[in-house]
Asker: 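I'd like to ask you about the structure that follows.
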Amino acid sequence: MAEYPFREIEKKWQKRWSEEKTFHVSNDDSRPKYYVLDMFPYPSGAGLHVGHPLGYIASDIYARYKRLKGYNVLHPMGYDAFGLPAEQYAIQTGQHPAITTENNIGRYREQLDNLGFSFDWDREVRTSDPSFYKWTQWIFIQLFHSWYNRKSDKAENISTLITAFELNGNTDVDAVSSPLKKFTSADWLKMNDEEKQTILLQYRLAYLSETLVNWCPQLGTVLANEEVKDGFSERGGFAVLRKQMTQWSLRITAYADRLLKGLDKIEWSESMQDAQRNWIGKSVGATINFQIDGHPDKKVSIFTTRPDTIFGVTFMTFAPEHEMVDKITTMKFRDAVKKYIEITGNRSERERMADAKRISGQFTGAYAIHPFTGAKIPIWISEYVLAGYGTGAVMAVPAHDSRDYLFAEHFDLPRIEVVSGGDISKEAFESYEGKLINSDFINGLKVKDAQHAVIKKIEEIGIGKATTNFRLRDAIFGRQRYWGEPFPVYYIGKLPYTIKESELPLLLPEVDSFQPTESGEPPLARAKKWQTNDGYPLETNTMPGWAGSSWYFLRYMDPKNETEFVSKKAVNYWQNVDLYIGGSEHATGHLLYVRFWTKFLYDLGYIPFDEPAKKLVNQGMIQGRSNFVYKLKTVNTFVSLGLKNKYDTIPSHVDVNIVDDDVLDIEKFKLLRPEYSNAEFILEDDKYICGHEVEKMSKRWSNVVNPDDVVEKSGADTLRLYEMFLGPLEQSKPWSTHGIEGVVKFLRKLWRLYHNEKDQFFVSDREPTKEENKILHRTIKKVSDDLERLSFNTSVSAFMICVNELADLKCNCRSILSDLAILIAPHAPHIAEELWEKLGNNGGISKASYPEWKQEFLTENTFEYPVSFNGKLRVKIEMPLSLSREEIVTSLLERAEIIKYMDGKSPKNIIIVPGRIINIVL
RNA sequence: GCCCGGGUGGUGGAACUGGUAGACACGCAGGACUUAAAAUCCUGUGGUCAUUGCGACCGUGCGGGUUCGAUUCCCGCCCCGGGUACCA
């Protein structure tokens, strides 16, 4: 029998969907809306591999399902088109990144089209397109002209801040800002414009500041914290140094608490929420001021989460960069301190981390005074205290903090036990379970109560207060690169101003080279006339990769709008994303920033919601399965895996596309490279068996499998079903085509239900039997339940069971097969469309409505009860479901097989769960 | 170290609220059709013992516990994967 002609069918329907704009979505629709979004890809030169579509297939199935269920579904796709790889390529080859990007997008589009996705391509966005980045720049301008008012707990226009300054200076303002001195309204009114702007800059949500940044010399740019992994750049793996630079930052810290609280009202996976919670890192405690011995005018402020342990303080530690170090270090220790600061200051991020376990520090010769006991507390400096967190200084309590403990042990400093319950001769006792001892007025209190008591006391005597700290840092927002959004900013002197909104977009200028200038300025400094009409110089930094992705989900709603980033009408209709699917690697980058921008735009009243996505699902990674060949060291001979231990060999990766089930295609291998053409092989069982390993799917490991190849061989519907059938969406798994044959067979079997032996379309108009209805309705119920909880793998099994059962009955009943075609349309849209058309329908299956399951076809009269004795399953007994408990017991005790297992005993208890199980306890 | 996720047949996995463990599929074995192969179809397939039949026992990483009943809940441990890293 001929197999079903998937190549013609798939091409035919893809063409028709595109020509008829089948998936075009209107903003003007009376149906309820549903927004299904994929994280848009960065179009790399390598193209898509089979791992990329996993999430796209899942979201497409869901979008198609929701459409059949009567929703108006927004399901768009676009490209995160600015980024480093295209630019690195430009530096190497001189080809403009716009061209590289355009080519790559073309390739991506072809590959996506090949899989039959139901995207509305009229809504495509590209972050590198001026009509898109015009609005990225516009949002930046809004950030620049906003400040965060703690009193209203939201962002406000900077004009409200200026009004406040004019009335009362900044004495009455509660803002999230950089550190600032207090000034009065009189002070403010006396200031010139430059002074005023300098102060306002400290309040803006987009601001310039001189900070310690992650500098990557090889990439020639600064990186954000989440772009640095283990001291190396995430892209390229280059070393990262710490460097002091003036940089644009976004004041995401203003939103720390709201970003944390917002997690409770969205349906994101627990691990994703945890990752964000940890990254935000809220800790509640107190700041306490200590006087410095011999410096009555100086006090040092420390942050602690354990104010209860204040009587256990035996020394203090400052970060080496702490501004007070220089002022308090005594003559005797000056040289040693200077040397320590030098050594630690010059180390790269990588060295510092590698050395994290080594304990180092230096005594300054200075002492702090304990506020309650008056004791002199030695002040040390050490790398383990970070300048950027809290106040950059800690009160060290070695008995109850493991880092302080190790430090004290190393430098032979005393420890005082103040919370009972541990053994501080062995290790620090960090538990909250215990009572305070050796602690004056808090003796005998529990930890929590002691904390409150200490905070109350320090607030009373004015030496400290309750404080909350966040680990989250403001996000550095500039890159010294070409291929990104230009800042809509110019400078008068050192002060930044934004260009007029009417002058947007500020187009990325042409440059003669994509390298930094000789004086080390970013590439934009090469552009001719990179200045305003009035001759003021424009900013030469560009925005980082995550700028566009922080709001792109809004643009899809209204992608062609030239007067607004999104119209009120569109955003009020579509609201936020209902289901967002993407990789978990974006937990602390994109997914935090997009939440931040959403909250910001909400504060300004531009959008009616403050979370971008109600529900988020992270698809697992499809890993590569690499293959290896083993070459003898001295000669051009390759030895099969099982025999390689007998020889001295060098393993090397071999292209997985010429390996089938670990068996190497020797002829193709010989053609791979000239030096292989005369290679010799030592085989086992006449075959060359390759070694294998699971690695990331990457060109570098020759283990990339292109979806186009799978589609060519088995079809798009097969690939879609197979990727879903592999296992739960969230789970990572290595790619293997081992089970794909099962899906191929399934689709053939489905096709045959609608055809006779001669492969002619043939269905019957007779009424369905009870049994056929039962199979159909059970499947409708199962599949829709599975889809609602995104259990795609089990929905595929349900289809297989259904088709197997209908095939056993030789069912060719039109009404059954018609509903079945609709059911499977989300998963395998091409074959479903074809069958739908053959069934005599016009207008396409995506306009059909999803069948409803009916209880009447599923209700059973009897049930085959599994009967256990003491929990061990022994027999199965069929019984009517209408029986009462008593009738079941009576009926049971009459049966021979039951009596046999009773072994003459009388049952202590008989547990009956109707329709489930019977357990007889003897 | 800390925080998540996970350990189920030869393999991918199923079992949704504590109720028949191993659905579905791959692989393997045997058979039918065929000159042959492919395709298709049928049968079997967790382990051990018994196989003349019934069957019996063990079994969801390991050790305990709760329960009539535990892959599912609780306590302790081991291993694998991911995130994070001196955050006071």
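This structure is a prediction, so every number in the text was calculated from the model and none was measured. In what follows, chains are A, B, ... by sequence order, proteins preceding strands, each numbered from 1.
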Asker: So what is the 5' to 3' dot-bracket string for RNA chain B, if pairs are Watson-Crick or G-U wobble with both distances under 3.5 Å, crossing pairs use [ ] and | means the partner sits on another strand?
Answerer: (((((((..(((......[....)))((((((.......))))))((((.....))))..(((((..]....))))))))))))....
Asker: What salt bridge (charged side-chain N to carboxylate O under 4.0 Å, His left out) pairs are there with at least one residue in residues 907-922 of chain A, not counting sequence neighbours?
Answerer: none
Asker: If the P atom of B:rC62 is compared with that of B:rU11, how far apart are they to the nearest Å?
Answerer: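 My reading of the P atoms in B:rC62 and B:rU11 gives 15 Å.
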Asker: Enumerate the salt bridge (charged side-chain N to carboxylate O under 4.0 Å, His left out) contacts for residues 717-742 of chain A, please, sequence neighbours excluded, ordered by first and then second residue.
Answerer: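 Residue pairs passing salt bridge (charged side-chain N to carboxylate O under 4.0 Å, His left out), neighbours aside: A:D60-A:R720.
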Asker: Please state how far atom CG in A:L809 lies from atom P in B:rC41, giving the value in whole angstrom units.
Answerer: 15 Å
Asker: Quick check on the 6.0 Å ring-centre criterion: do A:F311 and A:H370 meet it?
Answerer: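 Ring centres of A:H370 and A:F311 closer than 6.0 Å.
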Asker: Please measure how far the C1' atom in B:rG7 lies from the corresponding atom in B:rG61, and state the result in whole Å.
Answerer: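 Taking atom C1' in both B:rG7 and B:rG61, they lie 6 Å apart.
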Asker: For nucleotides 43-49 of chain B, read 5' to 3', which letter fits each nucleotide if B means a protein heavy atom sits under 4.0 Å from the base, S means only the sugar-phosphate is that close, and - means neither?
Answerer: -------
Asker: Not counting sequence neighbours, which residues clear salt bridge (charged side-chain N to carboxylate O under 4.0 Å, His left out) with A:R625? List them please.
Answerer: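 Result, salt bridge (charged side-chain N to carboxylate O under 4.0 Å, His left out) vs A:R625: A:D662.
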Asker: Indicate, with yes or no, if the rings of A:F407 and A:Y384 have centres closer together than 6.0 Å.
Answerer: yes
Asker: In whole angstrom, give the distance that lies between atom CD1 of A:I622 and atom P of B:rG82.
Answerer: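 Rounding to the nearest Å, CD1 of A:I622 and P of B:rG82 are 16 Å apart.
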Asker: Of A:I910, A:I911, A:I898, which is the lone residue that meets side-chain contact (heavy atoms from CB on, under 4.5 Å) with A:I918?
Answerer: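 Among the candidates, only A:I910 passes.
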Asker: Using only heavy-atom distances, determine whether the side chains of A:T737 and A:Y722 contain a donor-acceptor pair under 3.5 Å.
Answerer: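 Note: A:T737 and A:Y722 side chains miss the donor-acceptor criterion.
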Asker: Which residue lies toward the 5' end of RNA chain B, A:R306 or A:S584, if each is placed at its nearest nucleotide?
Answerer: A:S584
Asker: Does a side-chain N or O of A:R874 approach OP1 or OP2 of B:rC57 to a distance below 4.0 Å, or not?
Answerer: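 Answer is yes, contact under 4.0 Å.
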Asker: If I pick the P atom on B:rG65 and the same atom on B:rU71, what distance separates them, to the nearest angstrom?
Answerer: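 Between the two P atoms, the distance is 15 Å.
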Asker: Specify the separation, in whole Å, of atom CG of A:L873 and atom C1' of B:rA21.
Answerer: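 It works out to 11 Å between those atoms.
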Asker: Starting from the 5' end of RNA chain B, give me the residue, A:F863 or A:G388, whose nearest nucleotide shows up first.
Answerer: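 Residue closer to the 5' terminus by nearest nucleotide: A:F863.
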Asker: Without decimals, in angstroms, what is the distance between A:R471 CZ and B:rU84 P?
Answerer: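 One finds 9 Å between P of B:rU84 and CZ of A:R471, rounded.
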Asker: Between C1' on B:rC28 and CD on A:E741, what's the gap in Å once rounded to a whole number?
Answerer: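 After rounding, the reported distance stands at 15 Å.
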Asker: So A:V385, base contact, sugar-phosphate only, or nothing? Heavy-atom distance under 4.0 Å.
Answerer: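 It contacts base atoms.
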Asker: For A:H586 and A:H590, take the angle between the two ring planes, folded into 0 to 90°, and tell me which bin it lands in: parallel under 30, tilted 30 to 60, perpendicular over 60.
Answerer: perpendicular
Asker: For nucleotides B:rU8 and B:rU72, find the distance between their C1' atoms and express it as a whole number of Å.
Answerer: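 These two C1' atoms come out 12 Å apart once rounded.
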Asker: With rounding to whole Å, what would you report as the distance between B:rG19 and B:rU67 at their C1' atoms?
Answerer: 12 Å
Asker: Under the ring-ring contact (aromatic ring centres under 6.0 Å, His included) rule, collect the residues that match up with A:Y865, sequence neighbours excluded.
Answerer: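 A:Y865 satisfies ring-ring contact (aromatic ring centres under 6.0 Å, His included) with A:F863 only.
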Asker: Using whole Å, what does the distance between atom P of nucleotide B:rA88 and atom CZ of A:F303 come to?
Answerer: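 Going from CZ in A:F303 over to P in B:rA88 covers 6 Å.
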Asker: Quick check on B:rG9: syn or anti? Syn means the glycosidic torsion is within 90 degrees of zero.
Answerer: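 The base of B:rG9 is oriented syn (glycosidic angle within 90° of 0).
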Asker: When you compare B:rC16 with B:rA23, how far apart are their C1' atoms, in angstrom units rounded to a whole number?
Answerer: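 Roughly 14 Å separates the two C1' atoms.
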Asker: From C-beta outward on A:V913, which listed nucleotide comes closest to its side chain: B:rU20, B:rU84, B:rG19?
Answerer: B:rG19
Asker: Is NZ or CZ of A:R471 both nearer than 6.0 Å to the six-membered ring centre of A:W279 and within 45° of the ring axis?
Answerer: yes
Asker: With a 4.0 Å cutoff (strictly under), does any side-chain N or O of A:K872 reach OP1 or OP2 of B:rC58?
Answerer: yes
Asker: Checking A:Y340 against A:E383: is there a side-chain donor and acceptor pair closer than 3.5 Å?
Answerer: no
Asker: Without decimals, in angstroms, what is the distance between A:E585 CD and B:rU84 P?
Answerer: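 Nearest whole value for this atom pair: 11 Å.
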Asker: Under 4.0 Å between any heavy atoms, over every strand shown, what does A:K876 touch: base, sugar-phosphate, or nothing? Just pick one.
Answerer: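 Here A:K876 touches the bases of the nucleic acid.
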Asker: Round to the nearest Å and state the distance from A:M724 atom CE to B:rA25 atom C1'.
Answerer: 16 Å
Asker: Rounding to an integer number of angstrom, what distance separates B:rU20 and B:rA70 when you compare their P atoms?
Answerer: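 So the two P atoms sit 11 Å from each other.
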Asker: Of all residues at least two apart in sequence or in a different chain, which pass the side-chain hydrogen bond (donor to acceptor under 3.5 Å, both in side chains) check with A:Q276?
Answerer: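 So A:Q276 forms a side-chain hydrogen bond (donor to acceptor under 3.5 Å, both in side chains) with A:R595.
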Asker: Can A:S732 and A:Q623 be counted as having a side-chain donor-acceptor contact under 3.5 angstrom?
Answerer: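 Not at all, the side chains of A:S732 and A:Q623 share no donor-acceptor pair under 3.5 Å.
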Asker: If the condition is side-chain hydrogen bond (donor to acceptor under 3.5 Å, both in side chains), which residues does A:E409 pass it with, not counting sequence neighbours?
Answerer: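 Here no residue qualifies.
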Asker: Answer yes or no: does a side-chain N or O of A:R748 lie under 4.0 Å from OP1 or OP2 of B:rC41?
Answerer: no
Asker: With the side chain of A:K745 defined as its heavy atoms from C-beta on, choose the nearest nucleotide among B:rU40, B:rA25, B:rC42.
Answerer: B:rU40
Asker: Among residues at least two apart in sequence or on other chains, which ones pass side-chain hydrogen bond (donor to acceptor under 3.5 Å, both in side chains) with A:T253?
Answerer: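 Listed in chain order: A:D474.
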Asker: When rounded to the nearest Å, what value does the distance between C1' atoms of B:rC73 and B:rG83 take?
Answerer: 27 Å
Asker: Can you give one letter per nucleotide of nucleotides 4-17 of chain B, 5' to 3': B if a protein heavy atom sits under 4.0 Å from the base, S if only from the sugar-phosphate, - if neither?
Answerer: S-------BSSSB-
Asker: How would you list, by chain and number, every residue that makes a ring-ring contact (aromatic ring centres under 6.0 Å, His included) with A:H755, sequence neighbours excluded?
Answerer: A:W751, A:F761
Asker: A:N804 side chain N/O closer than 4.0 Å to the phosphate oxygens (OP1, OP2) of B:rA25?
Answerer: yes
Asker: Looking for any heavy atom pair under 4.0 Å, which part of the strands does A:Y901 touch: base, sugar-phosphate only, or nothing?
Answerer: sugar-phosphate
Asker: Scan nucleotides 64-69 of chain B against the protein and return all N/O pairs shorter than 3.5 Å with their distances rounded to 0.1 Å.
Answerer:
| residue | atom | partner | partner atom | Å |
| --- | --- | --- | --- | --- |
| B:rC68 | O2' | A:N919 | ND2 | 3.1 |
| B:rC68 | O2 | A:N919 | ND2 | 2.6 |

